[in-house]
Number of protein chains: 2
Amino acid sequence: MSDIKTGINPLFLREEELRQGIELLFFAYRDFTAEPDAILGEYGFGRAHHRVIYFVGRHPGITVSDLLDILRITKQSLSRVLGQLVTEKFITQRPGLRDRRQRLLELTEKGVELERLLTERQRARIARTYREAGAEAVEGFRKVMLGLVDEADRGRFPTRAAGPRRGG
Amino acid sequence: MSDIKTGINPLFLREEELRQGIELLFFAYRDFTAEPDAILGEYGFGRAHHRVIYFVGRHPGITVSDLLDILRITKQSLSRVLGQLVTEKFITQRPGLRDRRQRLLELTEKGVELERLLTERQRARIARTYREAGAEAVEGFRKVMLGLVDEADRGRFPTRAAGPRRGG
DNA sequence: GTGGTTAAGTCAGTCATGTTGACATATATG
DNA sequence: CATATATGTCAACATGACTGACTTAACCAC
């Protein structure tokens with residue numbers, strides 16, 4: 001009631017601010033995934049394939065268990081997409097050295113190409129946005145996004161605090 | 001090659017930065033949706049129901065067309081979830097005044113309750129994160145997220161600096 | 001080395017949510 | 001009146017998630 005003059009209730013402002021946060025996540029994610037989704041369609045793949053290709057590319061030699069931990073889906077769900085990707089030679093499996101029960105996953109040449117094709121759009125979108133928003137905004141973006149991630153997984157994002165910020 | 005001393009290639013740094021951006025979106029969205037999803041399960045609903053409830057709650061009296069524009073799904077897809085929500089009395093429909101072909105959507109009391117229950121978790125997560133990250137980081141977050149959204153939809157996020165954009 | 005645990009895979013069935021395509025109805029508009 | 005628009009519906013299908021039960025191979029502890 002202290003805002004009668006401006007007509008803006010600070011509680012409403014907070015509510016509005018939080019809702020905008022929710023919606024930013026919805027719209028950004030919607031648009032962020034739309035481009036790769038369209039490309040995936042041409043291959044008869046879906047978003048699940050992209051995720052698998054992405055994280056195998058990101059962590060060459062990753063185990064199935066670790067991939068399941070990231071994706072938070074069941075092994076039966078993963079099995080289908082992974083099976084396709086292996087059959088169609090986008091991903092190879094080889095037994096682990098220390099533990100031969102493991103099937104270490106890696107992208108083939110073909111897999112690397114597809115990964116690049118798919119992720120390229122997303123990288124470009126982020127690069128453009130980062131450039132337009134500026135370093136300070138990017139820092140804030142990272143901070144908030146990291147705070148939204150479950151604590152257990154925040155360790156996946158090492159801070160590069162020590163090194164040179166942007167040499168090029 | 002100017003980074004031989006540190007062993008850090010600036011191009012690699014950039015690549016790493018962009019990939020972290022991609023992954024922040026993945027992990028944040030994954031964890032942001034997990035809590036409501038669990039609650040929805042108890043009602044026999046899914047994430048699609050949440051989206052409908054959310055945006056109808058956000059824009060009382062919204063038309064089906066406008067809702068479709070937001071969700072970017074087909075009317076057949078929407079029809080199923082919307083039909084359920086109307087049947088189970090979470091949402092009401094009434095004909096438009098100017099255009100009686102329209103079915104203006106609104107949450108019922110029951111719908112408002114469920115919306116609150118679902119979104120409460122997400123608001124809490126964002127509120128906590130905003131608090132921990134600080135106002136400056138939040139500003140950066142908003143700036144970058146908005147940049148990731150397709151230009152066509154950026155107008156949905158009025159800056160509260162320049163006065164009321166859409167009269168509500 | 002036997003036995004329990006773990007990593008991974010498989011088979012089968014189900015559900016939620018998206019798609020296309022064709023068609024129906026009511027209302028608006030030129 | 002003719003056409004376009006807003007909405008809804010029926011049908012068929014694909015994707016990606018789920019549960020539950022079971023198998024195989026390898027690891028590990030006793």
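Numbered from 1 within each chain, the chains take letters A, B, ... in sequence-line order. As a basis for the values below, the full set of heavy atoms in this structure was taken, side chains included, without hydrogen atoms, waters or symmetry mates. Just so it is clear, the structure is predicted and the values come from calculations on it, not from any experiment.
Other residues, nucleotides and ligands contribute over 12 non-hydrogen atoms within 6.0 Å of the CD atom of A/Gln76.
For B/Phe55 and A/Phe26, the ring centers sit closer than 6.0 Å to each other.
Near DNA chain C, meaning a heavy atom under 4.0 Å from it, residues 48-67 of chain A has A/Thr63, A/Val64, A/Ser65 in order of number.
Nearest-nucleotide assignment on DNA chain D puts the 5′-proximal partner with A/Thr74, out of A/Arg100 and A/Thr74. Closest-nucleotide positions on DNA chain D for B/Asp99 and A/Asp99 were compared, and the one nearer the 5' end corresponds to B/Asp99. Between A/Gln102 and B/Arg98, the residue anchored nearer the 5' end of DNA chain C, judged by the nucleotide with its closest heavy atom, is A/Gln102.
Side chain to side chain, B/Thr33 and B/Arg47 meet the donor-acceptor criterion of an N or O pair below 3.5 Å. Under 3.5 Å, the side chains of A/Tyr43 and A/Glu88 contain no donor-acceptor pair of N or O atoms.
Taking atom CG of A/Leu104 as the reference point, atom C1' of C/dA7 lies 11 Å away to the nearest angstrom. Between the P atom of C/dT19 and the CD1 atom of B/Ile73 lies a distance of 6 Å, rounded to the nearest Å. Computed from coordinates, the A/Leu68 CG to D/dT19 P distance equals 13 Å when rounded to whole Å. Between the CD atom of B/Gln84 and the P atom of C/dG18 there is a distance of 12 Å, rounded to whole Å. D/dC18 atom C1' lies 14 Å from atom CZ of B/Arg47, rounded to whole Å. D/dG16 atom P lies 20 Å from atom NZ of A/Lys75, rounded to whole Å. Distance CG (B/Leu105) to C1' (D/dT7): 11 Å, rounded to an integer number of Å. Straight-line distance from the CZ atom of A/Arg30 to the C1' atom of C/dT17: 17 Å, rounded to whole Å.
Phosphate contact (OP1/OP2 of C/dT19, side-chain N/O of B/Ser77, threshold under 4.0 Å): present. At the phosphate of D/dG8, OP1 or OP2 sits under 4.0 Å from a side-chain N or O atom of B/Gln93. Distances shown here put a side-chain N or O of B/Arg103 below 4.0 Å from the OP1 or OP2 atom of D/dG8.
Ion pair A/Arg58/A/Glu115 not flagged as a salt bridge, since none of the NZ, NE, NH1 or NH2 atoms sits closer than 4.0 Å to an Asp/Glu carboxylate oxygen.
For D/dG20, the base has a donor-acceptor partner in the side chain of A/Gln76 [N/O atoms by modelled type, under 3.5 angstrom]. Within 3.5 Å, a donor on the side chain of B/Arg101 pairs with an acceptor on the base of D/dT5, or the reverse.
Nucleic acid contact class of A/Gly44 (heavy atoms, under 4.0 Å, all strands): sugar-phosphate only.
The line from CG of B/Leu40 to CZ of B/Arg51 is 10.5 Å long, rounded to the nearest 0.5 Å.
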Discussion item. Please determine whether salt bridge (Lys or Arg N to Asp or Glu O under 4.0 Å) holds for the pair A/Lys143 and B/Glu132, giving the CA-CA distance in whole Å, both sets of side-chain angles, and the decisive distance to 0.1 Å.
Written reply: CA-CA 9 Å; A/Lys143 201 169 179 180; B/Glu132 289 169 3; over 6 Å; no

